[in-house]
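Scroll down for the structure; my scribbles are underneath it.
Every chain is numbered from 1 and lettered A, B, ... according to where its sequence line falls, protein lines coming before strand lines. Heavy atoms only: backbone and side chains are in, while hydrogens, waters and symmetry mates are out. Every value quoted in this text rests on a predicted model; they were computed, and no experiment measured them.
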2 protein chains.
Amino acid sequence: MARWEPNPRERLERAALALFVEHGYEATTVAGIADRAGLTKSTFFRHFADKREVLFGGQDALADGFGEAIRTAPPGTASVDLLAAALLAAAPFFGPERHDLGRQRRTVIAANSELQERELLKRARLAAVIADALRERGTPETAARLAAEVGVLAFGTAYARWAEPDNRQPYPQIAHAVLAELRACAADLGAQAPAPA
Amino acid sequence: MARWEPNPRERLERAALALFVEHGYEATTVAGIADRAGLTKSTFFRHFADKREVLFGGQDALADGFGEAIRTAPPGTASVDLLAAALLAAAPFFGPERHDLGRQRRTVIAANSELQERELLKRARLAAVIADALRERGTPETAARLAAEVGVLAFGTAYARWAEPDNRQPYPQIAHAVLAELRACAADLGAQAPAPA
DNA sequence: TAGGTGATGGGACTCGGTCCCATCGCAGTG
DNA sequence: CACTGCGATGGGACCGAGTCCCATCACCTA
């Protein structure tokens, strides 16, 4: 009997991703996902708050890792390096063995605006975590908000490049490169003298 | 008879905001909004793609204005000043007479994460419009993305400050101040030498 | 062997959203 | 003054997401 087989949550996640890839997000019903995992609709909603959330399970752990990395960095570390530390804390989630899953997940999300909304919400929470951690270190309000936004942009770009089908570079290398590039752009942007009002 | 009274779209928007303020977003049904506007559920969905969208009607016009402002700026204008031009293009939407509406709208959105998701999506589209317009002017990819993100952050901050209950400053003044502050922070962030890998 | 506990199954229900068709009001036309 | 075409509305059937409640099952412990 299907009841009491292990890891119902993980089974649901796998079933959902497979069905989303096969038939698309909208054409897939929650009952269908549950069926494929040998469970029911009730159980699905006991493990996930809604249909979208089945694709975003790891995001909370990610945010925790970001905050922790910034908080435990040595005193006096520059903001850019704090961002680097945060991005690297995500490395365990992006090993080469998860490359295919990451690519599929990205494809599914890219095809549906509901899922994009959810991803943006997760990123906003990520930015909030980063900004909070920076504020705890004494970074002024606006500087913390900007750095958090840059960090999230860097993370999103790095994730996108890592998940590219033909990518072979490891995530940490990509993250460093993206962050360095963004830092340079920030310098350019900040150096421009604003026109007199 | 209620049929054929003018401005059904605007009536629906007013009815929705009023009910959201009174009972909250979730406790309000689409049928209830339509009733209050003297219309039906069918008509509601003929004017708005979904329940959330009734609060985000102006966002598309906003994005158009942003793109237009950047495209029509004099050649050679610095990126920061292009962002300033874009933010000022939004000024007509934020006259003092709309202050109360803006404040109510913000309160409703702040209380519901579904609405926050939609707002984030709209802002992402805004960022995409800005980045596209900057690319058209020859701004390199990464610089355009960063500048767009900064622009959206500036807009969000300016809108939030403008909609504060006790705010009396006009929107353009706030926008300029926020942007100047962010430019300074970008300079700081970019000036930090990254630690050697 | 008899509970006790936590996870699951299952069904009823509400509401968002889609679809289709009948209906209405307003032209314009003869 | 009818007739007709057109666009907007009303209304009902329908599906799926999500909630709620309760019965049921498997495992553990006394």
Quiz item: Ion pair present between K122(B) and E53(B), side-chain N to carboxylate O less than 4.0 angstrom?
Solution: yes
Quiz item: Taking atom OH of Y159(A) and atom CG of L62(A), what is their separation to the nearest 0.5 Å?
Solution: 10.0 Å
Quiz item: When you match R46(A) and H47(B) each to their closest nucleotide on DNA chain D, which lands nearer the 5' end?
Solution: H47(B)
Quiz item: Donor-acceptor pair under 3.5 Å: do we get one between K41(A)'s side chain and the base of dG18(D)?
Solution: yes
Exercise. Rounded to the nearest angstrom, tell me the gap between atom CZ in F45(A) and atom C1' in dC15(C).
Key: 13 Å
Exercise. Go through Y171(A) and F93(A) one step at a time and tell me if the side chain to side chain contact (heavy atoms under 4.5 Å, CB included) criterion holds.
Key: CA-CA 9 Å; Y171(A) 168 82; F93(A) 294 91; over 6 Å; no
Practice problem: In whole angstrom, give the distance that lies between atom CZ of R52(B) and atom P of dA17(D). | Solution: 14 Å
Exercise. Round to a whole Å and report the spacing from CZ of F44(A) to P of dT19(D).
Key: 11 Å
Quiz item: T43(A) side chain N/O closer than 4.0 Å to the phosphate oxygens (OP1, OP2) of dG9(C)?
Solution: yes
Quiz item: Per the atom types in the model, does the base of dG17(C) pair as donor or acceptor with the side chain of K51(B) at under 3.5 Å?
Solution: no
Quiz item: Which nucleotide, dT8(C), dG17(C), dG10(D), lies nearest any side-chain atom of L39(B)?
Solution: dG10(D)
Exercise. Taking only Lys NZ, Arg NE, NH1 and NH2, and the carboxylate oxygens of Asp or Glu, determine whether D50(B) and R118(B) approach each other closer than 4.0 Å.
Key: yes
Exercise. Send over the distance from Y25(A) OH to dG17(C) P, rounded to a whole Å.
Key: 12 Å
Exercise. Give a yes or no on whether a salt bridge exists between R161(B) and E181(B), defined as a side-chain N under 4.0 angstrom from a carboxylate O.
Key: yes
Self-check item: Rounded interatomic separation in angstrom, taking CG from D35(A) and P from dG10(C)
Solution: 10 Å
Exercise. Please write out which residues are connected to L120(B) in a hydrophobic cluster, directly or through intermediates, given that two of Ile, Leu, Val, Met, Phe, Trp, Tyr count as joined at side-chain heavy-atom separations below 4.5 angstrom.
Key: L120(A), L121(A), L121(B)
Exercise. Calculate the interatomic distance between D50(B) atom CG and dG17(C) atom P; express it in whole Å.
Key: 5 Å
Quiz item: Parallel under 30°, tilted from 30 to 60°, perpendicular over 60°: which one fits the rings of F155(A) and F94(A)?
Solution: tilted
Quiz item: Of the nucleotides dG9(C), dA17(D), dG17(C), which one has an atom closest to the side chain of T29(A)?
Solution: dA17(D)
Quiz item: Starting at CG of L12(B) and ending at C1' of dG16(C), how long is that distance when rounded to a whole Å?
Solution: 16 Å
Practice problem: Round to the nearest Å and state the distance from L19(B) atom CG to dG16(C) atom P. | Solution: 12 Å
Quiz prompt | Rounded to 10 degrees, the angle between the two terminal axes of the helix from dT1(C)-dA30(D) to dG30(C)-dC1(D), each from five pairs | solution = 10°
Practice problem: Give one of base, sugar-phosphate or nothing for S42(B), where a contact means two heavy atoms less than 4.0 Å apart. | Solution: base
